[in-house]
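Taking it in order: structure first as structure tokens, then the write-up.
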Amino acid sequence: MRCHWRINGSETLMFGNIVRSLGLILLFGASPLSGWAQEPEAKPPAAEKPAAATAVVIPLHGEITPLTGAFLDRKLEEAREMGVDVVIIDIDSPGGFADVSFDIARRLRDLKWAKTVAYVESQAISGAAIAALGCDEIIMRPGAMLGDAGVIAQEILGGPFKYAPEKILSKMVADIREVADAGGRPPALAEAMMHKDVQVFQATQKQDGRVWYYTKAEWDSLPDAEDWQQGKPVMEARENTFLTVTGKRAVELQIANGLADSKTELYEQLGIAKEPKVLAQTGIDTLVWVLNLPLITFLLFVIGLLAIFIEFSAPGLGMGGLVSTLCFGLFFWSRFLGGTSGWLEVTLFAVGLIFIACEIFVIPGFGVPGISGFLLVLGSLVMASRNVVWPESTRDLMQLNKTLATVGASMIAFVVLAMVGSRYLLDFPLFRRIALLPPEVDDQAAAVAVGTAYSASNRPAAWEQVDVGDAGIATSPLRPAGKAAFGDELVDVITEGEFVEAGKGVKIVQKHGTRVVVRSTT
């Protein structure tokens with residue numbers, strides 16, 4: 001069925017007016033109907049102003065050593081407890097230990113609870129450049145220097161420094177590339193900091209104009225090389241040169257993220273309203289550094305060993321035990337905070353002392369327990385002074401030699417002083433009180449106990465009645481001082497340092513006035 005519309009005169013005019021009105025409404029949106037036909041547009045809510053970031057500044061100044069790494073760990077833990085948003089590493093360093101620098105870089109790279117920013121006001125050279133690459137952002141003064149991370153080593157003590165061999169360099173190049181890539185920085189330029197023969201050139205992505213940097217080896221293996229336009233080489237990464245750049249150039253090469261002429265400008269860029277707290281070196285950090293000096297370590301060893309010798313000579317918690325506990329307590333405490341010691345070294349040291357004590361007081365002679373105890377003590381002291389168990393580089397070997405020299409020298413000094421002390425120092429009243437010598441025994445009772453005669457008339461001059469070579473019997477334990485009977489005479493004697501039980505035979509080997517030195521004959 002077909003329908004036809006029929007339009008006559010007046011109906012057509014009305015229809016035309018309606019059509020024209022609708023056309024104007026649609027074209028201009030100015031019809032009175034538009035006021036109630038459309039909802040008024042709601043204004044977008046005002047954006048909330050972001051809260052100001054909280055931050056701390058941790059100085060990383062001077063040479064990077066194992067103490068530097070331990071210091072940074074303590075300060076990062078302090079910053080975490082404070083709940084800050086930004087950790088600023090204020091770097092001004094010529095570098096130092098490569099392994100410690102990489103440890104710092106990884107520690108900063110893996111830090112998730114705050115943003116890390118390396119601020120280079122003067123220089124971040126060698127290991128310091130490696131540490132800076134681990135931060136989320138690097139901000140520099142325009143004239144500050146960054147780079148030159150070539151690895152050098154000293155083959156022999158006192159010899160010249162040489163560049164690291166390829167076997168060591170290859171591993172470190174892979175490490176620095178990984179650290180740079182994790183921070184969104186060109187790995188090729190990081191490699192050029194460490195490898196003097198690597199040349200780097202600029203490349204531009206043809207579609208979006210993005211600029212990146214590649215080594216020749218990277219370019220040859222690039223799967224989408226046809227999408228890139230190879231550009232000019234980077235002048236700072238030319239042959240036989242370690243890449244080193246200023247702050248301005250580092251930003252151009254996408255190594256650094258920005259420039260700041262001062263810390264105030266840096267804080268403004270980071271949105272830090274309040275002056276950050278500087279977690280600087282404290283008195284405890286200074287004490288740890290002093291106690292780690294070789295000379296102080298040597299003195300702690302010698303005094304501690306002498307105190308142990310005195311304590312073993314007169315058992316019981318006396319001055320010797322307290323002094324030895326203080327010396328070795330300070331040593332291990334400083335190594336704990338210095339990052340080179342743990343509970344393993346303390347346990348080995350304690351077990352070694354127990355073995356030595358068993359050898360002296362329980363097992364006669366000097367055998368396996370004594371030797372084992374000595375080796376355990378020596379090994380624990382060496383292990384506690386180093387951050388690696390086995391040397392992995394020439395520098396590690398040099399550090400091991402220095403540690404062995406310190407421990408060895410202290411052992412020699414201890415033996416010499418112990419021999420001298422056992423012969424002469426006990427003549428001084430003060431030293432005799434420190435040694436906690438055993439109390440005087442009843443002379444007559446002691447003599448009767450070993451079956452010798454006793455006469456009160458000759459007691460004061462007993463030392464005059466004996467001579468070198470005379471044999472007798474110890475009437476009290478000699479630790480190392482005590483009493484011994486020679487025939488009818490009861491004499492104050494001292495051994496050469498050995499412990500002699502009561503009732504054992506002794507022989508006079510030296511005599512200096514009233515001082516009678518004996519040696520065990522059994």
Side-chain angles (χ1 to χ4, degrees), residues 305-306 308-316 318 320 355-371 373-374 414-429 431-522:
L305 291 172
L306 282 174
I308 290 177
F309 169 74
I310 295 171
E311 185 66 21
F312 281 174
S313 299
F355 279 16
I356 294 175
C358 290
E359 183 72 26
I360 294 175
F361 299 112
V362 179
I363 306 173
F366 190 75
V368 175
I371 296 175
F374 175 78
F414 158 67
V415 171
V416 172
L417 291 175
M419 293 176 62
V420 172
S422 64
R423 296 186 179 212
Y424 301 108
L425 293 184
L426 287 179
D427 285 339
F428 295 95
F431 194 84
R432 291 176 66 89
R433 284 197 289 273
I434 292 177
L436 288 181
L437 298 178
E440 296 290 336
V441 298
D442 183 87
D443 295 345
Q444 184 174 5
V448 172
V450 295
T452 60
Y454 171 78
S455 173
S457 61
N458 61 14
R459 183 178 59 174
W463 59 273
E464 295 178 338
Q465 308 299 320
V466 296
D467 206 344
V468 175
D470 290 352
I473 299 174
T475 61
S476 69
L478 306 183
R479 301 172 175 163
K483 290 184 179 292
F486 298 89
D488 296 335
E489 308 299 332
L490 197 62
V491 184
D492 291 318
V493 298
I494 185 172
T495 70
E496 296 174 305
E498 62 181 326
F499 169 74
V500 178
E501 295 180 0
K504 298 292 184 179
V506 294
K507 181 180 180 181
I508 299 176
V509 293
Q510 292 183 40
K511 183 181 177 185
H512 304 282
T514 60
R515 178 183 177 82
V516 179
V517 182
V518 298
R519 183 182 299 166
S520 174
T521 58
T522 56

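Along the sequence shown, residues carry numbers from 1. All values below come from the heavy atoms of this structure, side chains included, with hydrogens, waters and symmetry mates left out.
- Counting all heavy atoms, side chain and backbone alike, Gly373 lies closest to Phe355 at CA-CB, 3.6 Å.
- In this structure, Thr521 contributes its side chain and Gly505 its backbone to a donor-acceptor pair below 3.5 Å.
- Side-chain atoms of Glu498 come within 3.5 Å of backbone atoms of Ser520 as a donor-acceptor pair (strictly under, hydrogens ignored).
- Counted within 6.0 Å of NZ on Lys507, heavy atoms from surrounding residues, nucleotides or ligands total 12 or fewer; the atom is thus considered open.
- Phe486 pairs in a side chain to side chain contact (heavy atoms under 4.5 Å, CB included) with only one of the listed residues (Ile473, Ile508, Asp467), which is Ile508.
- Looking at residues two or more places apart in sequence or on another chain, you find a side chain to side chain contact (heavy atoms under 4.5 Å, CB included) between Leu305 and Phe328, Met411, Phe414.
- Evaluated for a side chain to side chain contact (heavy atoms under 4.5 Å, CB included) with Val506, the options Val493, Leu478, Val491 yield exactly one hit, Leu478.
- Among residues two or more places apart in sequence or in another chain, the side chain to side chain contact (heavy atoms under 4.5 Å, CB included) test is passed with Val509 by Glu496, Val517, Arg519.
- Residues Lys511 and Val516 approach most closely at CG-CG2, 4.5 Å, considering heavy atoms.
- Residues satisfying the side chain to side chain contact (heavy atoms under 4.5 Å, CB included) criterion with Lys504, sequence neighbours excluded, are Val500, Glu501, Thr522.
- Contact detail for Gly482 and Ser476: the closest heavy-atom pair is CA-OG, 3.6 Å.
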